[in-house]
Amino acid sequence: MWLYSKLRSATFILALTASIMPYYSVSLFTNSQKMYIENSVGHLKYGVRSTRTSGVSEGRVFNFGSISSLGSYFVKFYSYFESGMSLLWGSDGHIDDKWDDRSKKVYYKNYQLLRVIPRTDMQVDDVLALREEIEGLMYWTEPARNHSADILIPPDSVTDVKQFLQIRGVEFVVLLKDVQKAIASQNPSMSRQQRVELRTNKGHDMTFQRYHRYSDMLRYMNYLSLKYPELVELLIIGKSSKGQPLKVIKISTGQRTKDGNIKPAVWIDGGMHAREWISPAVVMYTLKQLVENFKVNRKVVEGADWYILPVSNPDGYEYSHTTDRFWRKTRSNHESQDEETSRTLTNFFWGESCRGVDMNRNWNFHWGEVGASDDPCHETYAGPRPFSEPETRAISDFIMDRKDRIKLYLTMHAYSQMWLVPWGYTSKKTGDYDDLMNMGRKAVDALNRVSGTQYQLGPSPSLLYPTSGGADDWAKGAAGIKYAYTVELRDDGTYGFLLPASQIVATGKETFAAIKAIARAIVCKN
């Protein structure tokens, strides 16, 4: 295997050299963007004020030029070499992790989570510029003027970033000093014996005391369909890019009302962003309340048909459990034949970050406009085209077939504690903005009465930042669903994506109270 590894590396270097060197040119900064800052030891740091158009930074451009046919031949030769070595030494079990989907686990030891509060547009630009200069830096929330933004900083850059923020006068506090420790303590483990006992006694191992894997959720959904066949129907609406089933549970006591009319419907989805674990957990909790606590919630169940998709992005969700806790996107690969050389080189150097699409930027309504990236390596990559992902296509097809019946659309995300109304792509208000706000206020007030948790209500551009190609905008603007909302669940940033599993039930209770309140007002009428 040592020989295989050396041959493989040498072959790729030949392909790399032949493909790039004759065409390589670099342009770092335009003159107007040279704003160098020296740190205390005289090293050059953070020399960019980045201006952005179409999601691409003009502050730092690596222009590899057009790759010649010679380079393509070398890359094809490399591909043939890979196949031959696989046949010689076995299947793809020894292929470098960067070339397939079995990547090495990502650890965040000594990474720090900083909360910054830029007060001016210039400070916003300063904070955004860090993305271009610090490898491995990750925005948990996007910077905006007078809004806090949470940024994950690699350990070898923590000191430099703090110095830079101090020099630029940007307020910041440290939320987590060692993110890996927070990851380790977020989700309590379950022994094999505990699982066996739960399955023996209950028929499933769903506990709501921990964040469960997708298989556990599917097992619980199957259990509900078998135990409550008069109430629950399992619908497979499609498959993920990795072939996992997208399962919707339909909860219904019958398609018609007492007056003989077809019932209105409610749609709820979760897990669109892989790392937002509280989202599928809360949707599963809602499912439990509607089915297992049917007697208590009879009126809202009888008043409407409920379509619930707990995990919209199962590939990404599983990857966030097995490999990278903070993975956001799907796990698709949109490499085309025309892009073979450039994408192959990109994947070799930057690997998994260039896979996948942000599902909440992939919808065919003002797609690819604001708050979305056209860079495949970016976390908010909108995809090569609208509905490029089998997950968004399947959901949209299912909803469009029932758009006349679905009166309430809820998509669960995290975090920020916000109840967001359309539009996300523009600061202009919808024609029925007051209706949306009034119904949203019913939900937020009901949530607050449970445990005192404060949620903000309003459109994303005013509370967060503008985004386009989002699911709630599509649900309202394309599918015509009047009441469409994005719910940003707990917390307000103390834990962020690492909300402890001990808060699942509390978050579920208050969120279900909000769902019941708004459903009663919109579809149940009781």
Side-chain angles (χ1 to χ4, degrees), residues 97 101-108 111 113 136 138-142 150 152 179 182-183 186-187 210-218 238-247 268-284 309-334 351-363 372-373 376-383 388-395 411-416 467 469-471 486-490 495-499 501 504 507:
D97 290 329
D101 204 25
R102 291 186 295 278
S103 301
K104 293 179 181 178
K105 192 172 182 66
V106 179
Y107 290 96
Y108 291 91
Y111 276 67
L113 183 65
M138 185 185 302
Y139 292 86
W140 282 14
T141 51
E142 286 290 319
D150 299 341
L152 188 67
V179 171
I183 292 173
Q186 181 191 20
N187 200 28
R210 69 186 309 272
Y211 293 106
H212 286 267
R213 298 286 292 274
Y214 188 50
S215 59
D216 294 343
M217 298 182 192
L218 293 180
K239 291 184 177 181
S240 69
S241 60
K242 296 291 182 184
Q244 295 196 80
L246 300 173
K247 286 193 176 182
I268 303 175
D269 66 58
M272 199 170 289
H273 289 148
R275 63 193 178 191
E276 298 168 7
W277 287 4
I278 189 61
S279 166
V282 164
V283 177
M284 292 297 289
L309 176 62
V311 185
S312 306
N313 177 14
D315 296 344
Y317 181 75
E318 281 297 293
Y319 192 77
S320 72
H321 278 268
T322 63
T323 307
D324 186 348
R325 176 61 188 87
F326 301 125
W327 186 259
R328 171 184 171 100
K329 301 185 287 184
T330 64
R331 295 294 300 158
S332 58
N333 188 348
H334 290 287
E352 294 302 315
S353 65
C354 298
R355 276 186 178 269
V357 167
D358 183 343
M359 280 184 64
N360 208 33
R361 302 292 187 275
N362 192 236
W363 299 75
S373 176
C377 303
H378 199 282
E379 284 195 324
T380 60
Y381 177 47
S388 62
E389 306 309 284
E391 297 89 348
T392 52
R393 286 200 308 273
I395 297 169
T411 180
M412 299 291 171
H413 288 258
Y415 57 98
S416 288
T467 60
T486 292
V487 182
E488 295 284 352
L489 299 165
R490 289 192 188 185
Y495 295 101
F497 299 124
L498 298 177
L499 189 72
I504 291 174
T507 309

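For Thr411 (side chain) and Thr486 (main-chain N/O), no donor-acceptor pair under 3.5 Å exists by modelled atom type. With Lys329 contributing its side chain and Pro376 its backbone, the two residues share a donor-acceptor pair below 3.5 Å. A side-chain donor-acceptor contact under 3.5 Å links Thr141 to the backbone of Asp150. For the pair Asn362 (side chain) and Ser388 (backbone), a donor-acceptor distance under 3.5 Å is present. Proximity of a side-chain donor or acceptor of Asp324 to a complementary backbone N or O of Val106 within less than 3.5 Å is not detected.
For the pair Arg325 and Trp277, the cation sits on the ring face: its NZ or CZ lies under 6.0 Å from the ring centre, inside 45° of the axis.
A distance of 12.0 Å separates CZ in Arg355 from SG in Cys377, rounded to the nearest 0.5 Å. One finds the NE2 atom of His413 at 6.0 Å from the CD atom of Glu276 (value rounded to the nearest 0.5 Å). We find the CZ-NE2 distance between Arg275 and His321 to be 14.0 Å, quoted to the nearest 0.5 Å. The CG atom of Leu152 sits 6.0 Å away from the CZ atom of Phe326 when rounded to the nearest 0.5 Å. Distance NE2/His378 to OG/Ser373: 5.0 Å, rounded to 0.5 Å. With values rounded to the nearest 0.5 angstrom, Glu389 atom CD is found 11.5 Å from Trp363 atom CH2.
The shortest distance between side-chain heavy atoms of Phe497 and Gln186 does not fall below 4.5 Å. Side-chain contact between Tyr415 and Leu499 is absent, with no heavy atoms from C-beta onward closer than 4.5 Å. Residues Met412 and Val487 meet the side-chain proximity criterion, which asks for heavy atoms closer than 4.5 Å. In this structure, the side chains of Ile278 and Arg490 stay at 4.5 Å or more apart for every pair of heavy atoms. When side chains are defined from C-beta on, Ser240 counts as touching Glu391, because their heavy atoms get closer than 4.5 Å. Looking at Asp358 and Tyr381, their side chains never come closer than 4.5 Å, going by heavy atoms from C-beta outward. A heavy-atom distance below 4.5 Å is not found between the side chains of Val311 and Leu218.
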Query raised in the report: Would His334 and Val357 count as a side-chain contact (heavy atoms from CB on, under 4.5 Å) if you check the C-alpha gap in whole Å, the side-chain angles of each, and the deciding distance to 0.1 Å?
Result: CA-CA 9 Å; His334 290 287; Val357 167; 3.8 Å; yes

Report task. Take Tyr317 and Gln244 through the side-chain contact (heavy atoms from CB on, under 4.5 Å) test and state the conclusion after the steps. Result -> CA-CA 11 Å; Tyr317 181 75; Gln244 295 196 80; over 6 Å; no

Query raised in the report: Step by step, would you call Leu309 with Ile395 a side-chain contact (heavy atoms from CB on, under 4.5 Å)?
Result: CA-CA 9 Å; Leu309 176 62; Ile395 297 169; 3.6 Å; yes

Query raised in the report: Would Met138 and Arg328 satisfy side-chain contact (heavy atoms from CB on, under 4.5 Å), going step by step from the backbone distance to the final call?
Result: CA-CA 11 Å; Met138 185 185 302; Arg328 171 184 171 100; over 6 Å; no

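Across all non-hydrogen atoms, the minimal contact from Arg361 to Thr380 is CG-O, 3.8 Å. The shortest non-hydrogen separation linking Gly271 to Pro280 is CA-CG, 3.7 Å. Closest of all the heavy-atom pairs between Ser312 and Asp269 is OG-CB, 3.6 Å. Closest approach of Ser279 and Leu489 over heavy atoms only: CA-CD1, 3.8 Å. Annotation for Gly316 and Arg331: closest pair N-CG, 3.9 Å, computed over non-hydrogen atoms. Closest heavy-atom contact between Thr330 and Asn313: CA-OD1, 3.6 Å.
Glu318 and Arg213 are joined by a salt bridge, as a carboxylate oxygen and a charged side-chain nitrogen come within less than 4.0 angstrom of each other.
Note: Trp327 and Tyr319 have perpendicular aromatic rings, judged against thresholds of 30 and 60 degrees for the angle between ring planes.
Enclosure of atom OH in Tyr495 is not indicated, since only 12 or fewer non-hydrogen atoms of other residues, nucleotides or ligands lie within 6.0 angstrom.
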